[in-house]
Participant: 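Could you have a look at this structure, given as structure tokens, before my questions?
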Protein chains: 2
Amino acid sequence: MANSPSSDSMIDRIVRVLETFTADRSVQSASQIGRRAALPSSTAHRIVDELVDAGLLGRDEDRRVHLGMRLWELALRGSTALRLRQAALPYMERVQTHIRQHTQLAVLEQDEALFLERLSHPDAGANITRIAGRLPLHASSSGLVLLAHAPADLRERVLAQPLRALAPETVTDPGRLRRLLAGVRRDGVAIAQGSIESVSTGVAVPIRDAGEVVAALSVVLPRQAPHTAAIIALREAVTGIEATLRSPR
Amino acid sequence: MANSPSSDSMIDRIVRVLETFTADRSVQSASQIGRRAALPSSTAHRIVDELVDAGLLGRDEDRRVHLGMRLWELALRGSTALRLRQAALPYMERVQTHIRQHTQLAVLEQDEALFLERLSHPDAGANITRIAGRLPLHASSSGLVLLAHAPADLRERVLAQPLRALAPETVTDPGRLRRLLAGVRRDGVAIAQGSIESVSTGVAVPIRDAGEVVAALSVVLPRQAPHTAAIIALREAVTGIEATLRSPR
DNA sequence: TCGGCGTCTCCCGTTCAACGGGAATGCGGC
DNA sequence: GCCGCATTCCCGTTGAACGGGAGACGCCGA
């Protein structure tokens, strides 16, 4: 789990420190951070102190450390992620009222699908996806949409790597995937049955900005549920989102 | 506008670079960043390059620079801001359906109100608040709630500073504010008429986690609209949010 | 065609702040 | 008391950050 300190600029170290924070490890001691980020103890304490002084990290009364609001603020204001999310949110809510399941917004980031937003209906079941979480491109409907419209070199690079199966039915054969992706481009929709969990199906469509596919909008349905209503709701939402992206605000 | 390079660690410089990105300046050249962050040109280019390599910044085809998805990801996963927002979002949506205006979630950050979330009904008018935006504590209903329940030393520090008036009716007299804040603590609600814009009124209530006030939930109404429905809707939402925060997930 | 402007890259000698090993202190818990 | 862990302090070393400056490149208007 410990990162090998392959390179070592100040910035790499800061990133390694930030990477030690996850949903289940949101509060840690400076020493823990140091161990997980592969930093010598005294160095880790110094860097953590500096980050706390800058407001990027916060400190509890018991000296334990957590991500700071200021980091959140700096990362969001002026980010394209926020712009996209703001455009999408109202339409995602509308999807949510029709399809009472999970609705998600994902973008391509470092050869994976990064989830920007998730709305979950109270009645819907569990769902792996988390905001700021990732999934492999080949194993989620959102990922398939993003991969299908990605530059060819990226697509080939991903397909050349060994593809992990998240569930028994995950498609990991490059040839079959290539045919799947062609279908996604043709139909404008990706349907992934049991790719992540056997019991559920993902349905995803692309969102375009100035012609380019910039994100994927998806819903997760129970395995046996029909797809047509979902596809219609997603297409309608995309129309609205794309109109919002085009207009100044 | 240019920041004085008061201190100058690597981290300060990075923060200064990130600070140059705002909603209206989301894409800039490396030279622009350097000027705005008060960095020598060659230094600015080097730092920007490093940040791009680390994925914290992204680069367009035309070499202009924007905030990276990876920064967004690192800032959010494991952040308490996300946890709070996730707990609040469904209840904010419910408020939104009753009070068809703006609904906002804010926290205290560095003696200002930092807005974590905003939902806006299509029919509602313009609104200053932006996600990842700030407002002074004394001049918004959310700010008054946060200030009223803040530690006494912070409250006194804020009241001792010269208080800016955002609108003609903004209350800037420390004595009057102190009395206002006592009323907020007593009533459990803050009402700010024309503090930001003459035409609107803010109504805000506190959100508690383990007894501590951690955030404020607010709506912005047209000046003449009645407050009672808003207060009821906000109180109901807070109940739900606090229950969510208490339960594991 | 030319000149000017802004951006970016490259080079290189200087320097000083980051670095981290190690020892010491403090703090529970068994 | 004793151990394990987190944190703090000290200090001599060193190499990487620093930034001034020169020059290349591209764009635009004259």
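All chains are named by letter (A, B, ...) in the order of the sequence lines, taking the proteins before the strands, and each is independently numbered beginning at 1. In what follows, every heavy atom counts, from backbone to side chain, and hydrogens, waters and symmetry copies are set aside.
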Participant: For B:I14 and D:dA17, what is the distance between atoms CD1 and P respectively, to the nearest whole Å?
Facilitator: 11 Å
Participant: Report yes if at least one side-chain N or O of A:S31 is closer than 4.0 Å to OP1 or OP2 of D:dT7; otherwise report no.
Facilitator: yes
Participant: Under the side-chain contact (heavy atoms from CB on, under 4.5 Å) rule, collect the residues that match up with B:R134, sequence neighbours excluded.
Facilitator: A:R70, A:E73, B:E109, B:Q110, B:E112, B:L114
Participant: Can you tell me how far P of D:dT7 sits from CZ of A:R64, to the nearest Å?
Facilitator: 10 Å
Participant: Calculate the interatomic distance between A:R59 atom CZ and D:dT8 atom P; express it in whole Å.
Facilitator: 6 Å
Participant: Would you mind reading off the distance between B:D12 atom CG and C:dA18 atom P, rounded to a whole angstrom?
Facilitator: 10 Å
Participant: For B:R208, what residues pass the salt bridge (charged side-chain N to carboxylate O under 4.0 Å, His left out) criterion, not counting sequence neighbours?
Facilitator: none
Participant: Under 4.0 Å between a Lys/Arg side-chain N and an Asp/Glu carboxylate O for B:R16 and B:D8?
Facilitator: yes
Participant: Could you give the CD1-to-C1' distance, from B:I11 to D:dA17, as a whole number of Å?
Facilitator: 15 Å
Participant: How does each nucleotide of nucleotides 20-30 of chain C score, in 5' to 3' order, for protein heavy atoms under 4.0 Å: base (B), sugar-phosphate only (S), or none (-)?
Facilitator: BBB--------
Participant: Can you list every pair that meets salt bridge (charged side-chain N to carboxylate O under 4.0 Å, His left out) and has a residue in residues 139-153 of chain A, with sequence neighbours left out?
Facilitator: none
Participant: To the nearest Å, give me how far apart CD (A:Q32) and P (D:dA6) are.
Facilitator: 6 Å
Participant: side-chain contact (heavy atoms from CB on, under 4.5 Å) with B:A216: which residues, sequence neighbours excluded?
Facilitator: B:S142, B:V145, B:L146
Participant: OP1 or OP2 of D:dC25 versus the side-chain N and O atoms of B:R63: is any pair under 4.0 Å?
Facilitator: no
Participant: Given B:T20, which of B:Q32, B:R25, B:Q28 fulfils the side-chain hydrogen bond (donor to acceptor under 3.5 Å, both in side chains) condition?
Facilitator: B:Q28
Participant: According to the salt bridge (charged side-chain N to carboxylate O under 4.0 Å, His left out) rule, which pairs have a member within residues 45-58 of chain B, sequence neighbours left out?
Facilitator: B:D49-B:R59
Participant: Roughly, in whole Å, what's the span from CG in A:D49 to P in C:dA18?
Facilitator: 13 Å
Participant: Rounded to whole angstroms, how far apart are CG on B:D62 and C1' on C:dC8?
Facilitator: 13 Å
Participant: Please enumerate all residues that pass side-chain contact (heavy atoms from CB on, under 4.5 Å) together with A:S42, with sequence neighbours excluded.
Facilitator: none
Participant: Compute the bend angle of the helix from C:dT1-D:dA30 to C:dC30-D:dG1 from the end axes (five pairs per end), rounded to 10°.
Facilitator: 40°
Participant: For B:R178, what residues pass the salt bridge (charged side-chain N to carboxylate O under 4.0 Å, His left out) criterion, not counting sequence neighbours?
Facilitator: B:E156
